[in-house]
J.: 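Structure in structure tokens, see below.
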Number of protein chains: 2
Amino acid sequence: MSVSGTYDKRAYEPFAVTVDLAVFTIRDGALHVLLVERGQEPYAGRWALPGGFVRPDESAEGAAARELAEETGLADVSGLHLEQVRTYSEPDRDPRMRVVSVAFAALVPDQPEVHGGGDAARAAWLPYRPASYRPLAFDHDRILADAHDRVGGKLEYTGIATAFCAPRFTLGELRQVYEAVWGAELDPANFRRKVVGTPGLVEAIPGAARLTGGRGKPAALFRAGSATTLHPPLLRPASEGTSS
Amino acid sequence: MSVSGTYDKRAYEPFAVTVDLAVFTIRDGALHVLLVERGQEPYAGRWALPGGFVRPDESAEGAAARELAEETGLADVSGLHLEQVRTYSEPDRDPRMRVVSVAFAALVPDQPEVHGGGDAARAAWLPYRPASYRPLAFDHDRILADAHDRVGGKLEYTGIATAFCAPRFTLGELRQVYEAVWGAELDPANFRRKVVGTPGLVEAIPGAARLTGGRGKPAALFRAGSATTLHPPLLRPASEGTSS
DNA sequence: TCAAAAGTGTTGCGGCTACACCCATGA
DNA sequence: TCATGGGTGTAGCCGCAACACTTTTGA
């Protein structure tokens, strides 16, 4: 931006700017990611993250929202959680040309339908198990891993977990979100106390209740609260080697 | 990336890709930021973040490291902390052309010299006090605020604070880093226990000691440890409105 | 001898973990 | 009446905030 010399854009090879999306959802209690199968070279037949070019009149955020709507078939993408992760700009990351890609992570509630087709390529929700579809096209393995790390970290100190849930949800469903993303089991009793005791995370819907799996006591229903940052954070269990 | 149609880059207006740097240091116990004064339109005479174009053969990270070396006059930029913050891509953020900018935050130890001149524009270390130089050129106010937020947050759960210090430092100096970035005072006793008790954050240099301000007991010297993430985190004091 | 900074001790509060235990429902 | 998940109670541990206090230096 603060270049002192001449401002001649032709002196530099033009860059293509794209967005790549890591779209996550919870299905059957397991974390799933939306992938598309490439139909052409390079990387034909490989799975890849959905994405596309940023158009001249839109921001990367706008392009990501547009692609998200196209790929998932959702009408109102405005309420969904869509967050920039980082930008990937290695000169050789695309063998055809110089492509700089802004990566986003999106969190959506479980979609009953498979999703309306946007692009021609086949798209599918796959369980988040990198070993089962690796290697992805381009540097998408790394992008997906970075996006997953980001989402897992943000669960600790923000309320984004509710973005995975329907407008009305039970605390058991919310707990499944944390368990699916972190890959760890949480104590239902302590989870409940923590979530209810954090102001702004969730709001109780008075009187409402719903059965979960046909069994057990009906659970009270909640809706997402207004809090953006959690104090104190809801830390994930230390998997190994915690300090002191 | 996963575009199914034709791959014609001429169908899209080319983007210029730049990097913008928020370079922080601690000087006299206060947080400072490196700014350059623009000599030409637009925003002539305004302060701006240093930065420049990404060249065809380098990544955004490479461009950021190169600009950092040029602007600060530092020879070995490799050991410094340089971290991507996010990418700014609003279509109208530069009135001249379509510019997508990848922002970075850099943490450097205090430089005695003013820094070798890179670009022609005047550059200076200014105390981090946004009201004193606002508005910056372009959308740099927001970029600088985002970078500061990122650095402040990362102090909590990583060891990057040592990036502000010389190779050998006292715990008082390290504490000044936290206080300067967070704008809050910390209890020296508790800070010491926390830092020393977190494995990998710092390593004691046996026997070494140094006076701090000419007064008081000489302080033991430490060097940066190898830990990247802190468990549990070193949380900043809740300024207001903590939960429960 | 005083001020200033380093470093150690100690106490109390609060959150979290780990259970044990009761409640409501469908099979 | 049993299995299942929701929800409440509670005891103990651990970390941290808030001090008091000692140590070592220069002025």
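All figures in this text were calculated on a predicted structure; none of them were measured in a lab. Below, chains carry the letters A, B, ... as their sequence lines are ordered, and counting in each starts from 1.
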J.: Walk along nucleotides 1-9 of chain C from 5' to 3' and tag each nucleotide B, S or - by protein heavy-atom contact under 4.0 Å, base first, then sugar-phosphate.
T.: --SBBBSBB
J.: Using whole Å, report how far CZ of Phe169(A) lies from P of dG6(D).
T.: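 My rounded result for the distance is 14 Å.
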J.: Nearest whole Å is fine: how far is dC16(D) C1' from Arg236(B) CZ?
T.: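 Rounded to whole Å, this separation is 17 Å.
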J.: List in chain and number order the residues that pass ring-ring contact (aromatic ring centres under 6.0 Å, His included) with Tyr133(B), two or more places apart in sequence or in another chain; answer none if no residue qualifies.
T.: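 Result, ring-ring contact (aromatic ring centres under 6.0 Å, His included) vs Tyr133(B): none returned.
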J.: First locate atom NZ of Lys194(B), then atom CG of Leu235(B), and finally report the distance between them rounded to the nearest 0.5 Å.
T.: 7.5 Å
J.: Ignoring backbone atoms, establish whether Lys194(A) has a side-chain N or O less than 4.0 Å from OP1 or OP2 of dG15(C).
T.: no
J.: Take the protein atom CG of Leu230(B) and the nucleotide atom P of dG15(D), then report the distance between them rounded to whole Å.
T.: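 Between P of dG15(D) and CG of Leu230(B): 14 Å.
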J.: Write down the distance between CG (Leu174(A)) and C1' (dG6(D)), rounded to a whole number of angstrom.
T.: 15 Å
J.: Tell me, do Leu144(A) and Phe24(A) make a side-chain contact under 4.5 Å, heavy atoms counted?
T.: yes
J.: Suppose we screen for ring-ring contact (aromatic ring centres under 6.0 Å, His included). Which residues come up paired with His148(B), at least two apart in sequence or across chains?
T.: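 By the ring-ring contact (aromatic ring centres under 6.0 Å, His included) rule, His148(B) matches Tyr128(B).
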J.: Looking only at the side chains, is there a donor atom on one of Asp146(A) and Tyr88(A) sitting less than 3.5 Å from an acceptor on the other?
T.: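 A pair is found: one side chain offers a donor N or O, the other an acceptor, under 3.5 Å apart.
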J.: Test side-chain contact (heavy atoms from CB on, under 4.5 Å) on Leu174(B) and Phe222(B) and set out the steps.
T.: CA-CA 10 Å; Leu174(B) 187 64; Phe222(B) 294 80; over 6 Å; no
J.: What is the separation between atom CZ on Phe191(A) and atom P on dG6(D), rounded to the nearest whole Å?
T.: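 After rounding, the gap between these two atoms is 11 Å.
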